[in-house]
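Notes follow once the structure below has been shown.
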Amino acid sequence: MLRLAFLLPLLLGYCADETLTGYGAQGQDFALVSINEQPFPARATIRFPEEGQIAGQGPCNSFSATQDLPYPWFKAGPIAATKRACPELDAEALFFQTLSEMTLSEVSGPNLILSTSEGQTMVFLAE
């Protein structure tokens, strides 16, 4: 019995979620505030419903993607979205394109910051 008690934390640690969901993002909705320090002109959200999954709402369409890299690395892909038209399709194209380029993530209090080593950023605020 003593061996099992010793091994249990090791086994639980091995199975821990090392993605963004395990570091404070799971179950939280985040609204996009800015892209590359410029206010985003439309409403877009992102959430991480479970390990390895991304979901959200662009300015026009809902979307989903996978994300299974260990924190702080980030890669959204492939992004699958519905195909509704709306006046904010340009903003949505910018949102999806920039999201697909992000390579790093940081959860800091109510903020989610996605970025690249080249200095691109997407800042989200928890709702």
Side-chain angles (χ1 to χ4, degrees):
M1 184 68 169
L2 184 56
R3 283 188 199 159
L4 181 59
F6 176 74
L7 290 175
L8 191 57
L10 294 174
L11 292 173
L12 291 176
Y14 179 77
C15 297
D17 180 358
E18 292 295 323
T19 68
L20 193 54
T21 58
Y23 285 83
Q26 185 170 9
Q28 183 67 54
D29 288 346
F30 295 92
L32 181 60
V33 175
S34 66
I35 293 179
N36 299 325
E37 300 181 8
Q38 299 298 311
F40 190 66
R43 176 159 168 76
T45 63
I46 192 170
R47 67 182 170 282
F48 303 88
E50 60 185 58
E51 182 178 353
Q53 298 297 311
I54 301 172
Q57 179 67 47
C60 303
N61 293 284
S62 58
F63 72 95
S64 64
T66 59
Q67 197 307 107
D68 55 7
L69 295 178
Y71 185 81
W73 306 111
F74 183 85
K75 177 66 179 157
I79 297 173
T82 56
K83 302 289 184 194
R84 289 185 293 252
C86 80
E88 294 151 332
L89 280 176
D90 288 342
E92 182 164 278
L94 174 64
F95 172 64
F96 288 147
Q97 179 62 41
T98 308
L99 182 62
S100 72
E101 295 169 357
M102 298 294 104
T103 58
L104 293 168
S105 62
E106 177 183 355
V107 176
S108 179
N111 297 310
L112 167 65
I113 303 165
L114 302 178
S115 62
T116 68
S117 58
E118 292 80 26
Q120 288 186 296
T121 59
M122 296 180 85
V123 177
F124 296 82
L125 182 61
E127 295 188 308

Partners meeting side chain to side chain contact (heavy atoms under 4.5 Å, CB included) with I35 (sequence neighbours left out)
L32, F40, L94, T98, M122
Going by salt bridge (charged side-chain N to carboxylate O under 4.0 Å, His left out), name the pairs with one or both residues in residues 103-127, residues two or more places apart or in two chains.
R43-E127
Going by salt bridge (charged side-chain N to carboxylate O under 4.0 Å, His left out), name the pairs with one or both residues in residues 27-40, residues two or more places apart or in two chains.
none
Restricting to pairs with a member in residues 90-126, which pass disulfide (SG to SG under 2.5 Å), not counting sequence neighbours?
none
For the atom pair OG1 (T82) and CD (Q57), what is the distance rounded to the nearest 0.5 Å?
6.5 Å
Is there any disulfide (SG to SG under 2.5 Å) pair reaching into residues 28-57, and which pairs are they, with sequence neighbours excluded?
none
Name every donor-acceptor pair, under 3.5 Å, that has one atom in a side chain of residues 85-93 and the other anywhere in the protein, sequence neighbours excluded.
| from | atom 1 | to | atom 2 | distance (Å) |
| --- | --- | --- | --- | --- |
| E92 | OE1 | C60 | N | 2.8 |
| E92 | OE1 | N61 | N | 2.8 |
| E92 | OE2 | N61 | ND2 | 2.7 |

Would you find a donor on one side and an acceptor on the other, under 3.5 Å apart, between the side chain of Q67 and the backbone of G52?
no
By the ring-ring contact (aromatic ring centres under 6.0 Å, His included) test, which pairs, at least two apart or in different chains, include something from residues 88-113?
F63-F95, F63-F96
Starting at CG of L112, measure out to CZ of F48 and round the result to the nearest 0.5 Å.
5.0 Å
Return yes if some donor-acceptor pair links the side-chain N/O of T66 with the main-chain N/O of G77 below 3.5 Å, else return no.
yes
Pair listing, salt bridge (charged side-chain N to carboxylate O under 4.0 Å, His left out) test, anchored in residues 77-87, at least two apart
none
By the rule that ILVMFWY residues connect when side-chain heavy atoms come within less than 4.5 angstrom, directly or transitively, which residues belong alongside L125?
V33
Pairs in or reaching into residues 104-127: which pass ring-ring contact (aromatic ring centres under 6.0 Å, His included), with residues at least two apart or in two chains?
none
Output all residues satisfying side chain to side chain contact (heavy atoms under 4.5 Å, CB included) with E101, sequence neighbours left out; order by chain, then residue number.
Q97, Q120
With a 4.5 Å cut-off on side-chain heavy atoms, are K75 and T103 touching?
no
Under the rule for side chain to side chain contact (heavy atoms under 4.5 Å, CB included), what residues qualify as partners of A55, not counting sequence neighbours?
R47, P49
Any chance you could measure L99, atom CG, to F74, atom CZ, to the nearest 0.5 Å?
5.0 Å
What are the two closest non-hydrogen atoms of F30 and N111, and how far apart are they?
CE2-C, 4.4 Å
Is I113 reachable from M102 through a run of hydrophobic residues whose side-chain heavy atoms are each under 4.5 Å from the next?
no
Check: S64 side chain, I54 main-chain N or O, donor-acceptor pair, under 3.5 Å:
no
